[in-house]
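Below: one structure, written as structure tokens.
Counting starts at 1 for both ligands and their atoms, in listed order.
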Amino acid sequence: MTIPLVDLKAQYAGIQPEIDAAIQRVVNNTAFILGKEVAEFEKNFAAFCRVPHCVGTDSGTAALHLALLVLGVKPGDEVITTTHTFIATSEVISLIGAKPVFVDIDPRTYNLDPNLIERAITPRTRAIIPVHLYGQPAEMDPILEIARRHDLRVIEDAAQAHGAEYRGRRAGTMGDIACFSFYPGKNLGAYGDAGALVTNDAALADHARMLRDHGRSEKYAHKLVGYGYRLDALQAAILGAKLPHLDAWNARRRAIAECYDELLTNSDVITPYVPPHVTPVYHIYCIRHKNRDALQKQLKAHGIDTGIHYPIPLHLQPVYQNLGYKIGDFPHTEQAASEILSLPMYPELTDEQVRQIVDAIKEVK
Ligand SMILES: *Cc1c(COP(=O)(O)O)cnc(C)c1O
């Protein structure tokens, strides 16, 4: 029996009647673009995040792009973010003509180290994008304090952190805007591409809502040059069917993580560090091992899939050569990139499978 990294078939099997009914409902009434399904999901996802406003988009990347636009980030501005994330986080900064300025991680949490942010601030800095990597919230209080002191906007990249909490506040409620991805493998996943931004600010939400739909205020009255970034009604219906399960799925992910943690004590593996004031949702369960490549090979031989999130830090990506970074600039990220390994993690994973994975891990020295 093989164990995949993520098992979307197992999830569908558990909720098939609800998903099928949602799809059929949209097909029956043929309201495929925006409309009631999208508005309903936006309302429910905002409530889930405990924020007043949600704007659905066709991807998490689109949500990040809109966030920078409505916060007024302009060509030539600088935006500070972590070098240890998926490229979409910084891609949108570049897309606007602004400059990504990378900062190293705290090696224990893999999140942006707040102590390194201030030295990266220049007169051109406009915003900070902390990423709640692997579903664990970044250290938001010091980040928000630095932003306040320097008059910077904060965009939470919450693409991996639906439902995670920091000092009792949900991911998505702390910055000026937060962006979520509903890529199929995310904790809340669509059956295709989808995303959303959430905010406490009605004016920012209205602006983003207009920009995502060709800058229009009425059907053929266009006030702004906008984008085709709408959330698809079919995806909204599917997401709406899944949303009531999300808290239970996240709780199961935490139980699986606890099982891994316990079975891996006194092994050669470093398990995730979770500060006491944080409740993660384990989009990814990431371990560290000195002999990572051998470990990955060994697990593969046992039919166990693993991943590396992410093998090449953003400051060393070919596309960012022009930014002038070099090997050694962000040592914590670079070392992590060579030692991290993501183990199978999805709510339907059984305790028995976790034991099987850990047994295979313990064979590697
Ligand atoms: C998935 C992801 C994104 C992009 O989301 P898409 O929906 O794939 O566009 C952005 N940032 C992070 C950290 C992600 O994991």
Would you please classify the geometry between the Phe182 ring and the Phe41 ring as parallel, tilted or perpendicular, with 30° and 60° separating the classes? perpendicular
On the 0 to 90° scale, with breaks at 30° and 60°, tag the Phe45-Phe180 ring pair as parallel, tilted or perpendicular.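 Phe45 vs Phe180 ring planes: perpendicular.
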For ligand 1, is Lys186 a contact, meaning one of its heavy atoms is under 4.0 Å away? yes
Does Asp193 come within less than 4.0 Å of ligand 1, judged by its heavy atoms?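 No, Asp193 has no heavy atom closer than 4.0 Å to ligand 1.
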Taking only heavy atoms of Ala159 into account, list the atoms of ligand 1 that are under 4.0 Å away from them.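 Under 4.0 Å from Ala159, ligand 1 has these atoms: 2 (C), 3 (C), 10 (C), 11 (N), 12 (C), 14 (C), 15 (O).
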Under 4.0 Å from a heavy atom of Thr89: give me the atoms of ligand 1 that qualify, with their elements. 11 (N)
For ligand 1, is there an N or O atom under 3.5 Å from any N or O atom of Leu64?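 It does not: no N or O of Leu64 is found under 3.5 Å from an N or O of ligand 1.
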Please check whether Tyr183 reaches ligand 1 - meaning an N/O of the residue sits under 3.5 Å from an N/O of the ligand, judged on distance alone.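 Such a contact does not occur with ligand 1.
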Residue and atom name of the nearest protein heavy atom (relative to [atom]), distance in Å to one decimal:
| atom | result |
| --- | --- |
| atom 9 (O) of ligand 1 | Thr61 OG1, 2.5 Å |
| atom 15 (O) of ligand 1 | Gln160 NE2, 2.8 Å |
| atom 7 (O) of ligand 1 | Ser181 OG, 2.6 Å |

Is the shortest side-chain N to carboxylate O distance from [X] to [Y] below 4.0 Å?
| X | Y | answer |
| --- | --- | --- |
| Glu78 | Arg126 | no |
| Arg254 | Asp247 | no |
| Arg153 | Asp151 | yes |

Which bit of Asp157 gets closer than 4.0 Å to ligand 1, counting heavy atoms only: side chain, backbone, both or neither?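 Within the 4.0 Å criterion, Asp157 contacts ligand 1 through side-chain atoms alone.
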Please classify the Ser59 to ligand 1 contact at 4.0 Å (heavy-atom distances, strictly less than): side chain, backbone, both or neither.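 It is both backbone and side chain that touch ligand 1.
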Test side-chain contact (heavy atoms from CB on, under 4.5 Å) applied to Leu316 and Glu334, Gln321, Lys326, the passing residue: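 By the side-chain contact (heavy atoms from CB on, under 4.5 Å) criterion, Leu316 pairs with just one of Glu334, Gln321, Lys326: Glu334.
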Walk me through whether Arg292 and Ile340 qualify under side chain to side chain contact (heavy atoms under 4.5 Å, CB included). CA-CA 7 Å; Arg292 189 266 315 277; Ile340 51 175; 4.2 Å; yes
So, for Tyr134 and Tyr285, is the gap between ring centers shorter than 6.0 Å? no
